[in-house]
Number of protein chains: 2
Amino acid sequence: MHSSAEENYLKAIYKLQEANGEMVATSALAQVLGIHMASVTDMLKKMSAKKLVAYQKSKGFKLTEKGRLAAIGIIRKHRLWEVFLVDKLGFRWDEVHEIAEQLEHIHSQELIDKLDAYLDFPKADPHGDPIPDAKGNFALNKSVLLAALPPGSQGKFTGVTDHSSAFLNYLDKIGLSLGDPVKVKEVEEYDKNYTLMLKGKKAVVVSFKVANSLLISE
Amino acid sequence: MHSSAEENYLKAIYKLQEANGEMVATSALAQVLGIHMASVTDMLKKMSAKKLVAYQKSKGFKLTEKGRLAAIGIIRKHRLWEVFLVDKLGFRWDEVHEIAEQLEHIHSQELIDKLDAYLDFPKADPHGDPIPDAKGNFALNKSVLLAALPPGSQGKFTGVTDHSSAFLNYLDKIGLSLGDPVKVKEVEEYDKNYTLMLKGKKAVVVSFKVANSLLISE
DNA sequence: AATAAAAATTAGGCAAGCCTAATTTTGCAA
DNA sequence: TTGCAAAATTAGGCTTGCCTAATTTTTATT
Ligand SMILES: [Mn+2]
Ligand SMILES: [Mn+2]
Ligand SMILES: [Mn+2]
Ligand SMILES: [Mn+2]
């Protein structure tokens, strides 16, 4: 069994690899974990010994297959708990991350299997992030950033790339929820503001920053 | 916020005080926690400094009011999670203790409040143990050991004093569940075997050991 | 190639929680 | 009252996961 600290490292490394490709730097990991580089060097030596990460001196490191599977397991737990918190307990989507950050470290395969079934095998968490199945497979999701779409395009809002409370609350405020239809009505060339047509023919104007944090499918 | 280790000490001390009255001995705590006495001495010094326990040299120690409230908070969480595991996820009553042992250490008042509401404010856990309310008050429960009842008595099975899987599975086997009516039909003087009348006029003969682990109300 | 900045590692420490071994204190029984 | 055993404490160590400060290595820039 891995410690919570190890599990947080695994998850962080996995996400850095996802975002930036292959090798991960000590400094990057230190930054996202809010930990000093010397500590990261320490921990990675231990995780190397356990064959969770593969070290390549001065090139960085990456997860081994064993490490990758462990990381996906944590992510699966995190996201299933988030679904539970929102769907069953009634938390808002901007409130669940911190609590799931703790719940993801509960060790019980039986528990997570039953939770998955209880939630009816959800495919995505409250932020639209895909939930890997029990074998560690993600459902292919071919969404694109709204900011990449030309005027006239339409699709369904299925995820965010900014998970901050500030952003999630902003979306609540303009009345945009996961699964809603969205149409790009107009893109202002000068400042790249997007005029969107939301559910119920509601038009809203959002900045490029916002358009660049919305994932659209279909 | 207290660490998991501290919380486990608090809970153990609370239960020892409940069972044996006032002062708790280092040795008793070491035994129930499965930890060496020297370690307990260490930890209690730290918890004393935090005003969680009051030390009386060579007389033992007991929880302060602050420690008592903290302990009750952990017990509340433990039992609510057990209800969740059984009622919502479908675990059996003999499977939930270990998992609740972990879940009780999740820190979020908001979470436990919502869980309580979601479970409809249960008054007892799957083993019949009372769940303190949000203010730390237990519902008075005036149950007695079945072994203390004379032949002819009847009541409702509302709790166990033996929480072992072996015992819980035995109860499943003879078909006795929490809330069932039970009548003491006969007590054999020679070996103190109890003949009980269960739901559906089923008669079973159980040992004194069993009769002494069943709590009866009403 | 020289040099400065950034990245990484090493060295030495610390707190939490545990351990073993040694010692002290306490409670009892002879 | 003495003497022993059980209980408790002290002393010294260990692992985990973090820290700061010092040093080394790598990378960029001229
Ligand atoms: Mn976490
Ligand atoms: Mn999420
Ligand atoms: Mn516990
Ligand atoms: Mn219980």
Side-chain angles (χ1 to χ4, degrees), chain A residues 1-13 16-17 19-63 67 70-71 74 101-102 104-107, chain B residues 1-13 16-17 19-63 67 70-71 74 101-102 104-107:
Chain A
M1 213 74 329
H2 305 126
S3 68
S4 293
E6 272 176 345
E7 291 184 344
N8 287 336
Y9 272 83
L10 287 169
K11 209 176 48 163
I13 297 169
L16 282 170
Q17 280 190 223
N20 314 334
E22 278 309 281
M23 303 305 262
V24 173
T26 304
S27 51
L29 194 46
Q31 206 227 307
V32 305
L33 287 175
I35 275 173
H36 284 245
M37 279 183 52
S39 308
V40 173
T41 298
D42 265 8
M43 183 60 127
L44 285 175
K45 260 187 274 183
K46 293 168 193 164
M47 292 175 69
S48 261
K50 293 186 184 176
K51 307 282 182 208
L52 291 170
V53 300
Y55 232 161
Q56 260 180 54
K57 189 162 49 182
S58 82
K59 300 201 94 178
F61 44 85
K62 60 177 177 183
L63 295 176
I74 315 294
E101 204 58 43
Q102 297 179 59
E104 71 190 0
H105 303 296
I106 301 292
H107 294 298
Chain B
M1 213 73 329
H2 305 127
S3 69
S4 293
E6 272 176 344
E7 292 185 343
N8 286 336
Y9 272 82
L10 287 169
K11 210 176 46 163
I13 297 169
L16 283 171
Q17 280 191 222
N20 313 333
E22 279 308 283
M23 304 305 262
V24 173
T26 304
S27 51
L29 194 46
Q31 205 226 306
V32 305
L33 287 175
I35 276 172
H36 284 244
M37 280 183 51
S39 308
V40 173
T41 298
D42 265 8
M43 184 59 126
L44 286 176
K45 260 187 275 184
K46 293 169 193 163
M47 292 175 69
S48 261
K50 293 186 184 178
K51 307 283 180 205
L52 291 170
V53 299
Y55 233 162
Q56 261 180 53
K57 187 161 52 181
S58 82
K59 300 201 93 177
F61 44 85
K62 61 177 178 183
L63 295 175
I74 315 294
E101 204 58 44
Q102 296 179 60
E104 71 189 1
H105 303 296
I106 301 291
H107 294 298

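The sequence lines fix the lettering, A, B, ..., with proteins before strands; numbering per chain opens at 1.
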Asks: How long is the line joining CD of A/Q56 and P of D/dT25, in whole Å?
Replies: 19 Å

Asks: Round to the nearest Å and state the distance from B/E7 atom CD to C/dA16 atom P.
Replies: 15 Å

Asks: Please enumerate all residues that pass side-chain hydrogen bond (donor to acceptor under 3.5 Å, both in side chains) together with A/H2, with sequence neighbours excluded.
Replies: none

Asks: The test is side chain to side chain contact (heavy atoms under 4.5 Å, CB included); show your working for B/L63 and B/L52 and say whether it passes.
Replies: CA-CA 6 Å; B/L63 295 175; B/L52 291 170; 5.8 Å; no

Asks: Is there a side-chain contact between B/S3 and the phosphate of C/dA16, meaning an N or O under 4.0 Å from OP1 or OP2?
Replies: no

Asks: Nearest heavy atom decides the nucleotide; on that basis, is B/A5 or A/A38 closer to the 5' end of DNA chain C?
Replies: A/A38

Asks: How long is the line joining CE of B/M1 and P of C/dA15, in whole Å?
Replies: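 Taking CE of B/M1 and P of C/dA15, I get 22 Å after rounding.
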
Asks: Over its full length, what angle do the end axes of the helix from C/dA1-D/dT30 to C/dA30-D/dT1 make, each axis taken from five pairs and the result rounded to 10 degrees?
Replies: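 Axis-to-axis angle, ends of the helix: 10°.
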
Asks: Under a 4.5 Å cut-off applied to non-hydrogen side-chain atoms, are A/Y9 and A/V40 in contact?
Replies: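 Of all side-chain heavy-atom pairs linking A/V40 with A/Y9, at least one is under 4.5 Å.
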
Asks: Assign A/T26 to base, sugar-phosphate, or nothing according to its heavy-atom contacts below 4.0 angstrom with the strands shown.
Replies: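 A/T26: backbone/sugar contact only, no base atoms under 4.0 Å.
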
Asks: Provide the closest heavy-atom pair for A/S48 versus A/Y55 in the form atom of the first, atom of the second, distance.
Replies: OG-CD1, 3.4 Å

Asks: Keeping to residues at least two apart or across chains, list the salt bridge (Lys or Arg N to Asp or Glu O under 4.0 Å) pairs with something in residues 25-45 of chain A.
Replies: none

Asks: side-chain hydrogen bond (donor to acceptor under 3.5 Å, both in side chains) with B/Q102: which residues, sequence neighbours excluded?
Replies: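 By the side-chain hydrogen bond (donor to acceptor under 3.5 Å, both in side chains) rule, B/Q102 matches no residue at all.
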
Asks: Among all residues two or more places apart in sequence or in another chain, which pass the side-chain hydrogen bond (donor to acceptor under 3.5 Å, both in side chains) test with B/K50?
Replies: B/E6

Asks: Which of residues 30-37 of chain B have a heavy atom under 4.0 Å from DNA chain C?
Replies: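 Residues of residues 30-37 of chain B that come under 4.0 Å of DNA chain C are, in numerical order, B/I35, B/H36.
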
Asks: At less than 4.0 Å, is any side-chain N or O atom of B/Y9 found next to OP1 or OP2 of C/dC18? Yes or no.
Replies: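 Yes, because at least one side-chain N or O of B/Y9 sits under 4.0 Å from OP1 or OP2 of C/dC18.
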
Asks: What side-chain donor-acceptor pairs closer than 3.5 Å can you find for residues 20-36 of chain A, not counting sequence neighbours?
Replies:
unit_1 : atom_1 : unit_2 : atom_2 : d
A/E22  : OE1    : A/K62  : NZ     : 3.3

Asks: Please state how far atom CZ in B/F61 lies from atom P in D/dA7, giving the value in whole angstrom units.
Replies: 13 Å

Asks: Taking only the side-chain nitrogens and oxygens of A/S27, find out if one of them lies under 4.0 Å from OP1 or OP2 of C/dA6.
Replies: no

Asks: Specify the residues of residues 40-50 of chain B, ordered by number, for which at least one heavy atom lies under 4.0 angstrom from an atom of DNA chain D.
Replies: B/T41, B/K45

Asks: Applying a 4.0 Å non-hydrogen cut-off, can you work out what B/A25 is touching in the nucleic acid: base, sugar-phosphate, or nothing?
Replies: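 Sugar-phosphate: the residue B/A25, judged by heavy atoms under 4.0 Å, touches backbone atoms but no base.
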
Asks: Would you please name every residue forming a salt bridge (Lys or Arg N to Asp or Glu O under 4.0 Å) with A/E104, sequence neighbours left out?
Replies: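 Partners of A/E104 under the salt bridge (Lys or Arg N to Asp or Glu O under 4.0 Å) test: A/K11.
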
Asks: Rounded to the Å, how far apart are A/H105 NE2 and D/dG17 C1'?
Replies: 14 Å

